[in-house]
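For reference, the structure is listed below as structure tokens.
Here is how names work: the chains are called A, B, and so on, in the same order as the sequence lines, proteins then strands, and each is numbered from 1.
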Number of protein chains: 2
Amino acid sequence: MGADDKVYRLLNYKNLLNRLKSIGFVKVFSDNLADTLDISPSLVRKDFREFGIRGAQKGGYTIEAVLIKINEVLGIDKKHKIIIVGAGRIGQALMHFPGFRKEGIIVSAGFDTDPEKIDGQTDIPIFHIKELTDYIKKNNIKLAILTVPENAAMGCLDMMEVGGVKGILNFTSMNLKSLKVAINNVNIGNEIENLIFTITKK
Amino acid sequence: MGADDKVYRLLNYKNLLNRLKSIGFVKVFSDNLADTLDISPSLVRKDFREFGIRGAQKGGYTIEAVLIKINEVLGIDKKHKIIIVGAGRIGQALMHFPGFRKEGIIVSAGFDTDPEKIDGQTDIPIFHIKELTDYIKKNNIKLAILTVPENAAMGCLDMMEVGGVKGILNFTSMNLKSLKVAINNVNIGNEIENLIFTITKK
DNA sequence: AAAAATATGTTATTTTAGTAACATAATAAT
DNA sequence: ATTATTATGTTACTAAAATAACATATTTTT
Ligand SMILES: NC(=O)c1ccc[n+]([C@@H]2O[C@H](COP(=O)([O-])OP(=O)(O)OC[C@H]3O[C@@H](n4cnc5c(N)ncnc54)[C@H](O)[C@@H]3O)[C@@H](O)[C@H]2O)c1
Ligand SMILES: NC(=O)c1ccc[n+]([C@@H]2O[C@H](COP(=O)([O-])OP(=O)(O)OC[C@H]3O[C@@H](n4cnc5c(N)ncnc54)[C@H](O)[C@@H]3O)[C@@H](O)[C@H]2O)c1
């Protein structure tokens, strides 16, 4: 998890700083961030230094400046199009999740095999899966969410690789691997089982 | 993430072994597991030893025996009831997710404020949120999935604490903390942003 | 203006996680 | 039967991540 851990930590900083900002805070100290995130203040400072975020020797860090820098480092200062492959229950839940838009993530289309689900007229159009590769190429799509049944996962991965997708958030329990595409697995069953372990063994 | 990492690794072993078993495999070597999970064989052996899983000096590990032991260690050899607080888009997607049942996770009820959603007659009943604490106590519920809007998250957490819930899988972007309850956050926005970082910076 | 206080920036230390190495035991080959 | 092979079990080592410590710069106080 090495380098990834640091990214998640930056995202935690970002989310917390956004919250503090919305309350009206302007500056923040490494101690504040460390306390709420359960890490040491020196780690906060080390992280910030690594990304060229500098504070004042006494006055702490300016929230706005840190946020700008973190967004720049994470690459989320720009808009990013994403497609959803499999417009079933979670697929559609994600499709209309308002939380994405305010982070600059734009769901541009969905794909499915079921003719009942296909509809090019809706705000977010749902196309037939056979148009997937073409759509990716034509619209220069780099990101996808995969929410098809497990047995369809590999086939969809192939099509996305051909189209030129670079990152996939995989919700199927199929543990996909690829040399061409970065795959991030979200396994909700695992999360619950991890919780079961915690409450029974700790 | 210390001890947690090991649990996720055990879950990876479990999922992979189940898959191998379904293909007809009976035995497996630490090298096989290591290769597909991108870890070293010695780590596999170390993990297994730590949990009292023993193999044969030459013949590797018996899949069935390892699975039984892992399930025992994880506490998922028993059935676990879980409730879903917030029967909206993701709440309902999760409610009817067939993947849970085969892992022994039983969704026993949902809760919501919207009168339109409340219905005690469906296979999985949806009750009004005011019945939450009572329901948890009467049915000895220890696990919950939280899928309410962000601004309702804290209030629901309080009720669940009072009821006696011990573990919560939190889908809201509110970063909840509690001394009484183990909380596992699933932040889908973060997962996508992590992916954006990966494809732009690596 | 000088002294005290305080939070950063940075280095040193500790802790933890993961890998490599190898001796041991079991199996297979001759 | 004896030898060679092979994969485990375990210890030693390496790498990396996080913390602790402290010197430095800035601000506040007197
Ligand atoms: N629902 C959940 O809460 C949940 C939770 C965790 C994981 N998952 C996983 O997410 C995936 C989807 O789950 P769901 O509950 O939304 O299922 P679903 O059946 O509601 O949706 C799957 C959709 O994929 C479509 N589809 C089937 N084959 C396809 C193909 N080859 N190409 C494109 N589309 C295709 C179907 O028509 C359907 O609309 C599954 O792999 C499931 O294991 C679901
Ligand atoms: N939809 C997604 O794909 C998605 C993805 C990531 C995170 N989330 C998060 O999950 C949560 C739910 O998202 P959603 O898309 O399902 O929203 P939604 O609006 O569809 O569902 C929320 C449900 O909670 C109910 N509710 C409101 N106040 C309540 C209360 N006090 N007690 C009980 N129920 C209450 C509403 O009636 C509604 O049915 C949000 O916090 C959202 O940020 C959603």
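With hydrogens and angles ignored, no donor-acceptor pair under 3.5 angstrom links the side chain of A/Ser40 to the base of D/dA18. Residue-to-nucleotide contacts include no donor-acceptor pair under 3.5 Å from the side chain of B/Lys46 to the base of D/dT10.
Taking B/Glu72 as the reference, B/Lys69, B/Asp77 meet the side chain to side chain contact (heavy atoms under 4.5 Å, CB included) condition, with sequence neighbours excluded. In this structure, the side chain to side chain contact (heavy atoms under 4.5 Å, CB included) partners of B/Ser42, at least two apart in sequence or on a different chain, are B/Ser40, B/Arg45. Residues forming a salt bridge (Lys or Arg N to Asp or Glu O under 4.0 Å) with B/Glu64 (at least two apart in sequence, or on another chain): B/Lys21. Partners of B/Phe29 under the ring pair (Phe, Tyr, Trp, His ring centres under 6.0 Å) rule, at least two apart in sequence or in another chain, do not exist in this structure. For A/Phe171, the ring pair (Phe, Tyr, Trp, His ring centres under 6.0 Å) test picks out no residue, with sequence neighbours left out. Evaluation of the side chain to side chain contact (heavy atoms under 4.5 Å, CB included) rule for B/Leu176 yields B/Leu146, B/Ala153, B/Met154, B/Leu157, B/Asn170, B/Met174, B/Ile183 as partners, not counting sequence neighbours.
One can place CG of A/Asp5 at 15 Å from C1' of D/dA15, the figure rounded to the nearest angstrom. Atoms CG (A/Leu10) and P (D/dA17) sit 14 Å apart, rounded to a whole Å. We find that CD1 of A/Ile53 is positioned 13 Å from P of C/dT8, with the value rounded to whole Å. In this structure, A/Lys6 atom NZ and D/dA17 atom C1' are separated by 8 Å, rounded to whole Å. Straight-line distance from the CD atom of A/Glu50 to the P atom of C/dT10: 13 Å, rounded to whole Å. Separating the CZ atom of A/Arg54 from the C1' atom of D/dT26 is a distance of 14 Å, rounded to the nearest angstrom.
Within the structure, side chain to side chain donor-acceptor pair (under 3.5 Å) pairs that include any residue of residues 90-112 of chain A comprise A/Lys14-A/Glu103, A/Ser108-A/Tyr135 (at least two apart or interchain). The side chain to side chain donor-acceptor pair (under 3.5 Å) contacts involving residues 145-166 of chain B comprise A/Arg19-B/Glu150, B/Glu150-B/Ser173, B/Glu161-B/Ser178, where partners must be two or more places apart or lie in separate chains. Listed by first and then second residue, the ring-ring contact (aromatic ring centres under 6.0 Å, His included) pairs that reach into residues 30-50 of chain B are B/Tyr13-B/Phe48, B/Phe48-B/Tyr61, sequence neighbours excluded.
For the contact set between residues 21-37 of chain B and DNA chain D, defined by any heavy atom under 4.0 Å, the members are B/Phe29, B/Ser30.
Map A/Arg9 and A/Arg45 each onto its nearest nucleotide of DNA chain D; the residue landing nearer the 5' end is A/Arg9. Toward the 5′ end of DNA chain D lies the nearest nucleotide of B/Gly55, the other residue of the pair B/Gly55 and A/Asp47 mapping further downstream.
A donor-acceptor pair under 3.5 Å is absent between the side-chain atoms of A/Lys46 and the main chain of A/Pro41, judged by distance alone.
Among the protein residues, A/Tyr61 comes within range of the sugar-phosphate backbone only, with heavy atoms under 4.0 Å from sugar or phosphate atoms but none that close to a base.
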Which protein N or O atoms sit under 3.5 Å from an N or O of nucleotides 26-30 of chain C?
{"residue": "C/dT27", "atom": "O2", "partner": "B/Lys58", "partner atom": "NZ", "Å": "3.2"}

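When the local axes at the two ends of the helix from C/dA1-D/dT30 to C/dT30-D/dA1 are compared, using 5 base pairs at each end, they differ in direction by 0° after rounding to 10°.
Just one residue in the list B/Asn190, B/Thr172, B/Asn175 forms a side chain to side chain contact (heavy atoms under 4.5 Å, CB included) with B/Asn185, and that residue is B/Asn175.
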